[in-house]
Amino acid sequence: MKPAIIPGPADRDLGLRVACSLGEATACEVERFPDGELRVALGPVRGADTYIVQGTHPPGHEHLVELLLLADAAHRAGAARVTGVLPYVAYARQDRRGTEGESVAGRVVADVLSAALDRVIALDLHTPTLEAFFSCPVEHLSAVPLLAERVRPLVDGHVVVAPDLGAVKRAQRYASLLGLETAAVRKHRISGREVEALGVDGDVRGRDVLVVDDMISTGATVVAAVRALRAGGARRALVVATHALFVPPADGLLGSLDLDAIVVTDSVPTALTTTPLDIVGVAPLLSDAIARMHTETSLADLVAQQ
Ligand code: R5P
């Protein structure tokens, strides 16, 4: 029996591409009542190893509830196993309390997903430790090798730069795949929309730079990093990230940087008008992972290396 692939409304195009390569998509109907409540209904999944392709990118609350209802519908319809395929996992940045009165939203989201799903496939989680927040198994895939291959022809002697100290391991991974040196920007986050660069660790004078991050949201981190790098004498700049949220004012902010390009994946449906954008598709990676899980084959070479 083939796996049942359900393209959720948050990632319909990506889900359809995954379904196409593995067979056909299972029908998925989502209706909104006048009061805003959702009703979902699925095609047949009885006895099927079922995969729901639905990330929780913005509007994250809506996409999260859709995913929970789809998972419930699949269980109730007799699916043998229900796996959530989340190209993007919301709230992953809230993995600890910053002040005494805060919640740990990453844990709350992991708890509800673990209760609804038998397994999770995730892509480049903001922090690998998030896997431990889930009580169900998580296959944590990485798009870094795909992205590194895409930029390989464009980076000749570039310095790979982490735009904050949290991205250093990711930068080292790119650097090792591409045979390049690394540097890092020391970042201070002032608010959700404001960051400042405190300095650059490493010599970038006269060098081209490849700035790497897991996600671009408002663009503030990339902008602060590139400005600091240019102040330190860097020349051309290329940016690569797995998740392109491009929350306003990202488009305008990034356009002010005169970047060579931004290379991202389609883990979030995205577009940009001010900067050349190169989008690497992750459907083959997700399809490969699903096919291996369905046949109980190892995913060792697909999972994120830290
Ligand atoms: C932070 O820790 C992340 O890795 C990203 O650097 C950050 O979340 C990007 O957000 P923004 O684009 O709003 O600065």
Side-chain angles (χ1 to χ4, degrees), residues 55-60 86-99 102 104-107 109 122-131 133 140 142-144 147 160-175 182-201 209-230 237-257 259 261-265 267-275 277 279 304 306:
T56 52
H57 56 81
L86 285 85
Y88 177 77
V89 177
Y91 284 104
R93 287 178 287 181
Q94 292 192 41
D95 60 345
R96 64 178 79 90
R97 294 190 302 169
T99 63
E102 289 180 9
V104 181
R107 173 61 194 257
V109 169
L123 183 69
D124 285 334
L125 290 167
H126 175 63
T127 161
T129 52
L130 205 73
E131 175 179 349
F133 286 14
H140 182 197
S142 179
V144 169
L147 290 163
V160 181
V161 180
D164 56 35
L165 297 183
V168 167
K169 280 198 170 169
R170 192 174 306 274
Q172 286 168 344
R173 177 86 180 115
Y174 276 98
T182 59
V185 175
R186 275 174 279 115
K187 173 178 103 175
H188 169 60
R189 184 168 282 285
I190 301 161
S191 70
R193 291 184 185 278
E194 282 177 290
V195 303
E196 63 179 338
L198 303 176
V200 177
D201 293 338
V209 290
L210 172 67
V211 178
V212 304
D213 211 345
D214 61 324
M215 70 170 80
I216 302 172
S217 181
T218 64
T221 298
V222 166
V223 170
V226 170
R227 286 186 181 150
L229 291 163
R230 293 230 169 97
L238 180 67
V239 173
V240 63
T242 301
H243 308 295
L245 296 177
F246 294 151
V247 171
D251 203 352
L253 273 183
L254 294 166
S256 69
L257 289 178
L259 298 172
I262 300 179
V263 184
V264 297
T265 76
S267 67
V268 174
T270 203
L272 206 58
T273 61
T274 57
T275 307
L277 185 65
I279 301 177
Q306 300 301 325

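For ligands, and for the atoms within them, numbers begin at 1 and follow the listed sequence. Because only heavy atoms are used, hydrogens play no part in the values below, and waters and symmetry mates are left out as well, while side chains stay in.
Interface atoms of ligand 1 facing Thr221, defined by a heavy-atom separation under 4.0 Å, are 6 (O), 7 (C), 9 (C), 10 (O), 11 (P), 14 (O). Of all atoms in ligand 1, numbered sequentially from 1 with element shown, those under 4.0 Å from a heavy atom of Gly219 are 11 (P), 12 (O), 13 (O).
Between Met215 and ligand 1, a contact under 3.5 Å exists for no N or O pair.
Arg189 contributes no side-chain N or O that, together with a main-chain N or O of Thr221, makes up a donor-acceptor pair within less than 3.5 Å. When atom types are taken as modelled, the side chain of Arg170 and the backbone of Arg173 share no donor-acceptor pair closer than 3.5 angstrom. A donor-acceptor contact shorter than 3.5 Å links the side chain of Thr56 to the backbone of Ala90.
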For this session: Carefully, step by step, assess Arg227 and Leu257 under the rule side-chain contact (heavy atoms from CB on, under 4.5 Å).
Result: CA-CA 8 Å; Arg227 286 186 181 150; Leu257 289 178; 4.2 Å; yes
Exercise. Where do Arg186 and Leu165 land on the side-chain contact (heavy atoms from CB on, under 4.5 Å) test, with the steps shown first?
Worked result: CA-CA 6 Å; Arg186 275 174 279 115; Leu165 297 183; 4.0 Å; yes
For this session: Would you sort out whether Phe246 and Asp251 count as a side-chain contact (heavy atoms from CB on, under 4.5 Å), showing the intermediate values?
Result: CA-CA 7 Å; Phe246 294 151; Asp251 203 352; over 6 Å; no
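Heavy-atom separations between Pro163 and ligand 1 are all 4.0 Å or longer. Residue-ligand proximity: Asp214 is placed with a non-hydrogen atom under 4.0 Å from ligand 1. At least one heavy atom of Lys187 sits under 4.0 Å from some atom of ligand 1.
Side-chain contact between Val226 and Val211: present, with at least one pair of heavy atoms (C-beta onward) separated by less than 4.5 Å. Using a 4.5 Å heavy-atom cutoff, the side chains of Glu102 and Gln94 are not in contact.
Atom 5 (C) of ligand 1 has Asp213 OD2, 3.2 Å as its closest protein atom, hydrogens excluded (heavy atom only). Of the protein's non-hydrogen atoms, Thr218 OG1, 2.6 Å is the one closest to atom 13 (O) of ligand 1. Atom 8 (O) of ligand 1 has as its closest protein heavy atom Arg93 NH1, 2.7 Å.
Residue contacts with ligand 1 for Asp164 involve side-chain atoms from C-beta outward but no N, CA, C or O (heavy atoms, distance under 4.0 Å). At a 4.0 Å heavy-atom cut-off, ligand 1 touches His126 through the side chain alone. Contacts of Arg189 with ligand 1, taken as heavy-atom pairs under 4.0 Å, involve the side chain alone.
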